[in-house]
There are 2 protein chains.
Amino acid sequence: MNLELSQTEENYLKAIFSLSLSRSKSVSTNAIAEKLDTKASSVTDMVKKLSEKKLIDYKKYQGVSLTEEGKKRAVKIIRKHRLWEVFLVKHLDFNWDEVHEVAEQLEHVKSIKLTNELDRFLEFPTHDPHGDPIPDADGNIDHHIDVMLASLHKNETCVVLGVKDSSPSFLKYLDGHEIKLGSEIIVLEKEEFDNSMQIQIADRKISISQQITKNLFVKKLGK
Amino acid sequence: MNLELSQTEENYLKAIFSLSLSRSKSVSTNAIAEKLDTKASSVTDMVKKLSEKKLIDYKKYQGVSLTEEGKKRAVKIIRKHRLWEVFLVKHLDFNWDEVHEVAEQLEHVKSIKLTNELDRFLEFPTHDPHGDPIPDADGNIDHHIDVMLASLHKNETCVVLGVKDSSPSFLKYLDGHEIKLGSEIIVLEKEEFDNSMQIQIADRKISISQQITKNLFVKKLGK
DNA sequence: ACTAATTTTTAGACATATCTAAAAATTAGT
DNA sequence: ACTAATTTTTAGATATGTCTAAAAATTAGT
Ligand SMILES: [Mn+2]
Ligand SMILES: [Mn+2]
Ligand SMILES: [Mn+2]
Ligand SMILES: [Mn+2]
């Protein structure tokens, strides 16, 4: 039994981890297939392999969940992914919509020293460029207080903490409207009809659709 | 025909490149097998594949050599490898004997922007931690002026520019004797019998074997 | 030039990871 | 509870990269 995982195996663990956060409980074969853009039959094969390695619990037709060891491995990969994203934005002049693809590769580099030294070099960042929390060296990870902008009411004020969708197209949309992490938003109007919002951000008033408001993590501001 | 090369294919190109520098002309199947710690039969298979991709010239039983395109690819990988080594030593507190293994992984990350931004971030270094020259973005590369310490005579003085062998064991030996890039060395004696040398380095006098003197690139100092 | 040693290639096998198509199991609808 | 739709698994193929053992070609020695 090989302790070193292939990049593919690591990607499966990460996918299962992130799927169990939302849908909780056990994760279906199809959900994994969709997330990884592969076929259900391929997932079944891999799931058997990871199960033999005791990284996931799997019973035929019952879906899968990560074991403690599997969870540990997944968190380590996520830690690396997010640290590299911080590096790319802070030091290599990448925009937040360009980092994901590169971090997908960097996250598989195996060296504990590399990860921890990178963490130190970056001065132990707590969040990545998309507002996602970075696990510490022991695997502890803060979870999102998932308040979406969509849940706010007229006249409430908030600050943008993160994005749920971090696809380049969404991030470019936000860039285009100068919505960034830390931006303060006031909800001026909320349309009953399509749930779009009229908001004030800095000194601009704009209208954004529910597609947008459902993908922005925010913190409500007292008052 | 896939333009993206696998890590394995990249490693073959790099191996062939470095073998053609020393032995020049065409590189033998066995030499590649030894360099990559694999079997001759595996090399034959891969060599056919790279030949189909027009990255090497290959005729049965005649050995191989890189095409222009193959050379370009090899140099790009070497550029990445060496830039990452600089990063690890300068910013992540790695010793020069720890970087190679990690750079072997990092060199395969695909992103031209990543490479060029890293180069800028490092302020366009010309040499890696082992004294090897770093190709520029256009693939231009200085070649070693390969004067080895072994070729010097009694009373000649030189400065250490690089190491030929960059195995951890050799590098640790050098650390143990405080021999670094930039160290000035005076040849005090040269033994006829075993070619070992008595040298002066800083204010210490030490004796080093031919195994060592044959693996240190130096620049002679006028007088 | 012939034989022996060495190098290189081929043949056939195996492991990983993927796919399509068909079969089996589960779930949903009435 | 039965049937239909959906999900999941199996079976069989393909592609990559590796290996051992045997065959073929080259090179070296006399
Ligand atoms: Mn990402
Ligand atoms: Mn991210
Ligand atoms: Mn190296
Ligand atoms: Mn080096």
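Since this is a predicted model, take the numbers as computed values, not measurements. All chains are named by letter (A, B, ...) in the order of the sequence lines, taking the proteins before the strands, and each is independently numbered beginning at 1.
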N or O in side chain of A:N30 less than 4.0 angstrom from D:dT6 OP1/OP2: no
Test item: B:H91 and B:F121 side chains (from C-beta on) under 4.5 Å apart, heavy atoms: yes
Nucleotide nearest B:S28 when distance is taken to its side chain, options D:dT18, C:dT8, C:dA25: C:dT8
Rounded interatomic separation in angstrom, taking CD from A:Q62 and P from D:dT9: 9 Å
Give me, pair by pair, the N or O atoms of the protein and of nucleotides 10-12 of chain C that are less than 3.5 Å apart, along with how far apart they are.
unit_1, atom_1, unit_2, atom_2, d
C:dT10, OP1, B:K60, NZ, 2.6
C:dT10, OP2, B:K48, NZ, 2.5

Dot-bracket notation for DNA chain D, counting Watson-Crick and G-U pairs under 3.5 Å, with | for partners on another strand: ||||||||||||||||||||||||||||||
Most 5' of A:Y12 and B:Y61 on DNA chain C, judged by nearest nucleotide: B:Y61
B:S51 side chain to B:K59 side chain, donor-acceptor N/O pair below 3.5 angstrom: no
Check ion pair A:K113-B:E98 (N to O, under 4.0 angstrom): yes
Under 3.5 Å side-chain donor-acceptor pair for B:T44 and B:K60: no
Nearest-angstrom distance from the residue atom CD of A:Q7 to P of C:dT16: 16 Å
Atom-pair distance (NZ on B:K59; P on D:dA25), nearest Å: 17 Å
Output field: ring centroids A:F87/B:F87 closer than 6.0 Å: yes
Shortest non-hydrogen contact between A:L171 and A:S166, atoms and distance: CD1-O, 3.5 Å
A:T38, nearest nucleotide to its side chain (from C:dT18, D:dT7, D:dT9): C:dT18
Contact summary for A:P135 and A:V75, nearest pair of heavy atoms: CB-CG1, 3.5 Å
Without placing hydrogens or testing angles, list every side-chain donor-acceptor pair under 3.5 Å for residues 212-220 of chain A, not counting sequence neighbours.
unit_1, atom_1, unit_2, atom_2, d
A:T213, OG1, A:Q210, O, 3.2
A:N215, OD1, A:D165, N, 3.4
A:N215, ND2, A:Q211, O, 2.9

Whole angstrom value for the distance that separates P of C:dC19 from CG of A:D37: 8 Å
Euclidean distance, atom CG of residue A:N11 to atom P of C:dT18 [Å, nearest integer]: 9 Å
d(CE, B:M46; P, D:dC19) in whole Å: 11 Å
Between B:H81 and B:D128, a side-chain donor and acceptor under 3.5 Å: no
